[in-house]
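Below: the structure, in C-alpha cells.
The structure presented is a predicted model; accordingly, all values stated were derived computationally and were not measured. Letters A, B, ... mirror the listed sequences (proteins, then strands); counts begin at 1.
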Amino acid sequence: MLSGATPLETLVPDAPEIRAFDIEPVALPDVEILQWSFEVAAGEVTELYPPALHPTLPPMAMIVAWSAPDSPWGAFELAQVRLSCRSGARPRGFLVGAVIDNAAAGGALAEHWGLRARVGRVAVERYYDAARVEVALDGDTILAVRGDDPDPLQPNDIQLFAAMHAARTPAGLRLVQFDPTWELTRAERYAPVLEAFDADGWGQPRLEPNYPVVAFGARANGTLPRLRFATRPDVNAFEGAETLG
Amino acid sequence: MKFGIFYELSVPRPFGGGIEKTVYDNALEQIRVADEVGFDTVWAVEHHFLEEYSHCSAPELFLTAAAMCTSRIRVGHGAVVCVPEMNHPVRVAERAAVLDILSGGRLEFGTARSSTWTELAGFEADPDTTKKTWDEFVRTIPGMWMEERFSHDGVCFSMPERAVLPKPVQDPHPPMWVTVTSPGTELDAAERGLGSLGVATASFEEQERRLTEYRRRIRNCDPVGGAVNDQVATLNFLYCDPDIDEAARLGVPMLGAFNVANAHLLFTREAYPTRAYGLLANLAPGRRGRRAKEDNPGARAGIPEGMAIGDPHHLVRVMKEWESLGVDQVNFLLNAMEMIPQEQVLASLRLFAAEVMPQFRREAA
C-alpha cells in the first residue's frame with residue numbers, strides 16, 4: 001500500500017491543541033451539507049499525506065461545506081478541503097484546510113475536535129436548480145464551486161466519512177478521528193463544476209483538482225460526539241491507533 | 001463438490017524488477033499443478049488500474065496461456081466486464097468463442113459490471129447505467145454464439161445483421177455466470193438462468209440465505225441463453241499445511257494482506273453516490289453481511305469463518321460445511337502480494353488435492 005511521506009508537523013505546522021476529550025456531544029440541527037469531489041494528480045501523491053495515512057487511487061480532493069443555522073456558538077458556515085485516504089483499512093478524509101465565518105464556532109471546533117479553520121467569508125447556497133459554495137480570505141476568493149442539475153437521491157445513498165485532523169494532544173501530535181453522526185432527511189446529486197481553486201490559499205500548493213467526480217447535497221441533523229480514536233502520525237493505524245479517554 | 005483456483009494477480013510494490021512477470025509465471029505454474037492434481041476450474045478476473053490489488057487486465061490472454069499448458073482443467077472468465085466503454089459485446093463474444101475453441105470446450109463464461117470508481121471513471125463509464133448494460137450484454141451474447149447471423153437494436157449498442165465468428169465449441173454455448181458482490185445480484189443471476197459466481201464470499205449464514213433464494217428463483221427462471229447454469233460458487237482462500245499452526249502463520253497474513261488491499265480500493269459507492277451500487281465496498285471474504293462498524297482504525301479483522309486455512313483435517317471439516325449449504329464449487333485464492341513462497345503454494349495445492357479432495361470425490365462417485 002502507498003503511505004504518506006511527509007511528516008505531519010510539516011503538513012500542518014499550526015495544528016490546534018486539544019487539552020481534554022471529555023466533552024458533551026453537540027447537536028447541530030438542520031445542517032445543509034454540500035460536498036464536491038475532484039480527482040487530483042497522483043504523481044507525487046504521497047507527499048500530500050502523513051505516513052499514518054494511505055492515499056486512495058486515484059486520490060480525491062473533497063470539498064465539504066456546512067451551513068449550520070443553529071449551534072451553541074450561533075449560526076456558522078464552514079468549508080473544508082479534505083483528501084481521500086485510508087486509516088488502517090477505513091475510508092477517511094485528511095483535513096487539508098478549512099475556513100469558517102464564525103470565530104467562536106471556529107475556536108470551539110479547534111479546541112474540542114482539532115478542526116482548525118481560519119476565519120473568512122463562506123457562502124453556502126442551495127437553489128432549486130443548483131448549489132454553490134464560495135470562500136474568501138482577506139477579500140481573495142480561494143474557492144468557488146457549483147453543482148448543476150440536481151438529481152434526487154435517497155438519503156441512504158449518501159455516505160459521509162469521518163475525517164482525520166492534526167491536533168496537539170497531551171500524548172503529542174496526533175491524527176484525531178472526527179466522526180460526526182448525521183441523520184439525513186434529504187439528498188441530491190449534482191454535476192460538479194470547479195470555478196476557482198487557490199491551492200496556496202488552502203495551505204497545500206501541490207493540490208491540483210483535475211477531474212470532476214461528483215457533487216451532492218443533503219439536509220441533516222448532526223451530532224458532534226467526543227473524540228474516540230487517535231493515531232500516531234508516523235506509523236500506520238494498525239500500529240499507531242489509540243483509544244481516547 | 002468442485003474446487004477451483006481463482007486469480008486476481010496481485011502484485012506487490014515496487015513494480016520494477018520483473019515482479020509482474022514473476023507473478024504471471026508463478027500463476028501459470030500453479031495452474032499446471034492444479035490441472036495435474038485434479039482441480040476443476042481456473043478463474044481469472046478482469047480489472048483495470050487497480051495498483052497492487054489486481055494486474056489482471058487481459059484475462060482472455062492469461063487464460064489462453066493457461067489453456068495451452070493444461071489438458072483438463074476448465075478455464076473461467078471470472079469475469080468479463082460487461083460495460084460498453086470497456087468491452088464491445090461483439091468483441092466479448094468473439095474472444096470467448098476463440099478461447100472455447102483453443103481450450104477444447106473448457107470455457108466457463110463469467111460476466112460482471114465492475115465495482116470501483118477507479119475502473120469505471122478510467123473508461124468514463126456511467127455508474128448509473130452499468131446494471132442495464134450488463135443486462136443487455138447477457139441477453140445478446142448467447143444469440144451471437146447460437147445464431148448464424150445476429151442483429152440488435154438496443155440501448156447500449158446496436159448492429160446490423162452480421163455473422164459473429166467463430167462460434168464456441170460447447171453446445172449451445174459455454175456455461176454463463178455472473179459475479180456476485182452486492183447482495184441481491186444472485187437474484188439477478190437466478191432470474192436469468194445464470195450461475196452465481198461469488199467473488200466476495202459471505203458467512204455461512206449469509207451464504208445459506210442467498211442460496212435458498214437463488215435456488216427458489218432459478219427454478220422458474222427465464223434463461224437468457226440456450227442453457228440454464230444453476231451452479232453456485234463461492235470464493236475462499238487456500239493454505240493447507242500438515243501443521244495447522246504453520247498454516248495459520250503463513251495463511252492468515254496472506255488473507256489479511258488481501259483484505260487490506262481490497263479495503264483500499266476506491267469503490268464506486270464511496271466516490272459517487274448512486275442507487276446502482278448498493279454496497280460501500282466488497283464484503284471482505286467471510287465477513288457477515290452487515291455494515292462493518294466504522295470505528296477503530298487500528299482494528300484488524302481476524303480469521304473469518306469458513307476459510308480454508310489449516311491442516312487437511314480442518315479443511316475437510318470446513319469444506320463439508322460449505323457443501324452442506326449446497327455450494328457447488330469453492331474457488332480459492334492461493335496467494336496475495338506473493339506473500340507465500342511459490343514452493344509452499346504448490347505444496348499446499350498438492351496436499352489439498354491428496355488429502356481433502358478425495359473426501360468429496362469419493363462421495364460423488
request  = Using a cut-off of under 4.5 Å on heavy-atom pairs, state which of Asp157(A), Leu153(A), Asp151(A), Leu57(A) scores highest against chain B.
outcome  = Asp157(A)

key: Heavy-atom pairs under 4.5 Å with chain B, option from Pro55(A), Ala89(A), Ala162(A), Ala187(A) with the top count   = Ala89(A)

request  = Could you tell me whether the side chains of Glu39(A) and Asn210(A) share a donor-acceptor contact shorter than 3.5 Å?
outcome  = no

ask   = chain B heavy atoms under 4.5 Å from Ser87(A): which part of the residue, side chain, backbone, both or neither?
value = both

request  = Below 4.5 Å from any heavy atom of chain B, which atoms of Met60(A) appear? Answer side chain, backbone, both or neither.
outcome  = side chain

query = Does CD in Glu246(B) sit with more than 12 non-hydrogen atoms of other residues, nucleotides or ligands closer than 6.0 Å?
reply = yes

query = Taking it one step at a time, do Glu32(A) and Arg186(A) satisfy salt bridge (charged side-chain N to carboxylate O under 4.0 Å, His left out)?
reply = CA-CA 10 Å; Glu32(A) 194 70 45; Arg186(A) 191 209 72 235; 2.4 Å; yes

Minimal non-hydrogen separation, Gly88(A) against His264(B), with atom names = O-NE2, 3.0 Å

inquiry  = Is the distance between the ring centroids of Phe6(B) and Phe332(B) under 6.0 Å?
reply    = no

message = Between Arg13(B) and chain A, with a heavy-atom cut-off of 4.5 Å, which part of the residue counts as in contact: side chain, backbone, both or neither?
response = side chain

message = Please classify the contact of Thr116(B) with chain A as side chain, backbone, both or neither, using a heavy-atom distance under 4.5 Å.
response = neither

